[in-house]
**Q** 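The structure that follows is given in the form of structure tokens.
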Amino acid sequence: IRIKSAEIYGERVTKVGTVVVLEDITDLKKLEKMRSQFVANVSHELKTPLTSIKGFSETLKFVKDDETRNKFLDIINDESERLTRLINDILTLSTIEQTKTAKHEEIDVAKETEQVYHLLLPKAESKNITLNLTQKEPILLYGDRDNYKQLILNLVDNAIKYTKESGEVRIQLDKQENNLRLVIEDTGVGIPEKHISRIFERFYRVDKARDRAMGGTGLGLAIVKHIVLSMGGTIDVVSEIGVGTRFTILIPIRSLE
Ligand code: ADP
């Protein structure tokens, strides 16, 4: 609680009383704590690849054999790519957070989803994963087109990432009452029950080492949640270890106001 007080004086400089304002700043404090936690996490996440890049590049000049040199160069390249992904995700998150006036672009759901599908198809094929897209009817949404694409991209990218070779990833789009229903389903590793409530937190990973090795930044689902909420929607997850995961998103279809 923050206390502010002021003394009140009458006409002849006689004190007539004191006003005390008690302000509940619990939420403010919580927000401040979350912010500084986020900054600490960001710094840590950025430092890890930087430390590798510095270490390997410094050692490189003492390495004589080509095989080891190439190995080191690959590590430096991978870690630079990780840094780029991290910075991009941090910027995306901060842009979504700061945008006060929501865009009202027309989103042709089928067209935009198909673009993401084609973008990720090579990644699925490289793991021999079947990527399926079914859309029953044309749907128009009004909102931020880039955000909509980012939402699909992050979910389908995760589905491919956390599914083993020869698995299957399905994207389904349809209308449910006055909502767009988007289902992204995989036959992947699944998410343990006790982690489900936390996967939308920034930098939260179920298995730190495994998920980092997969190339993730730990920000993908935080971005997804932000976008869904900004569109007035909801997101639901059902998962079973070793069987797969299903994300269901409902976004209200609003007409142009
Ligand atoms: P990351 O960049 O590490 O993938 P995300 O925020 O996208 O981070 O996801 C958070 C965590 O949730 C991941 O690290 C992973 O453990 C888990 N996860 C997300 N999507 C899936 C999925 N389709 N199947 C299994 N686990 C998943």
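Order of appearance sets the numbers: ligands from 1, and atoms from 1 within every ligand.
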**Q** Pick one of side chain, backbone, both or neither for how Y204 approaches ligand 1, counting any non-hydrogen atom pair under 4.0 Å.
**A** backbone
**Q** For K127 and T163, indicate whether the former's side chain and the latter's backbone hold a donor-acceptor pair under 3.5 Å.
**A** yes
**Q** Check this for me: E177, atom CD, are more than 12 non-hydrogen atoms of other residues, nucleotides or ligands nearer than 6.0 Å?
**A** no
**Q** Show which side-chain atoms of residues 29-37 pair as donor or acceptor with protein atoms under 3.5 Å away, not counting sequence neighbours.
**A**
{"unit_1": "S36", "atom_1": "OG", "unit_2": "E32", "atom_2": "O", "d": "3.4"}
{"unit_1": "S36", "atom_1": "OG", "unit_2": "K33", "atom_2": "O", "d": "3.1"}

**Q** Using a 4.0 Å heavy-atom cut-off, which part of K161 comes near ligand 1: side chain, backbone, both, or neither?
**A** side chain
**Q** In terms of residue, atom name and distance, what is the protein heavy atom nearest to atom 6 (O) of ligand 1?
**A** L221 N, 2.9 Å
**Q** Should you measure from each heavy atom of R205, which atoms of ligand 1 turn up under 4.0 Å away?
**A** 3 (O), 14 (O)
**Q** Step by step, work out the side chain to side chain donor-acceptor pair (under 3.5 Å) result for Q115 and Y117.
**A** CA-CA 5 Å; Q115 279 185 8; Y117 169 85; over 6 Å; no
**Q** How many angstroms lie between CD1 in I152 and CG in D157, if you round to the nearest 0.5 Å?
**A** 12.5 Å
**Q** Are E79 and R212 close enough, and set up right, to give a salt bridge (Lys or Arg N to Asp or Glu O under 4.0 Å), and what steps lead you there?
**A** CA-CA 11 Å; E79 295 299 294; R212 193 178 181 280; 3.4 Å; yes
**Q** If hydrogens are left out, which of I199, T245, D186, V206 has an atom nearest to atom 23 (N) of ligand 1, that is, the closest non-hydrogen atom?
**A** D186
**Q** Classify the ring geometry between F72 and F56 as parallel (under 30°), tilted (30 to 60°) or perpendicular (over 60°).
**A** perpendicular
**Q** What is the nearest protein non-hydrogen atom to atom 26 (N) of ligand 1, stated with its residue, atom name and distance?
**A** I191 CG1, 3.3 Å
**Q** Which of the atoms in ligand 1, numbered in the order shown and given with their element, are less than 4.0 Å from a heavy-atom of G220?
**A** 5 (P), 6 (O), 7 (O)
**Q** Number the atoms of ligand 1 from 1 as they appear, then name those within less than 4.0 Å of a heavy atom of R210, with their elements.
**A** 16 (O)
**Q** Tell me which one of G218, G244, A222, G190 gets a heavy atom nearest to atom 1 (P) of ligand 1.
**A** G218
**Q** Identify, for atom 20 (N) of ligand 1, the protein heavy atom at the shortest distance, and state residue, atom and that distance.
**A** N158 ND2, 3.5 Å
**Q** Could you tell me whether a side-chain N or O of Q135 sits under 3.5 Å from a main-chain N or O of A110, the two making a donor and an acceptor?
**A** yes
**Q** To which protein heavy atom is atom 21 (C) of ligand 1 closest, and what is the distance rounded to 0.1 Å?
**A** Y162 CD1, 3.5 Å
**Q** Who's the nearest protein heavy-atom neighbour of atom 16 (O) of ligand 1, and how far?
**A** D211 OD2, 2.6 Å
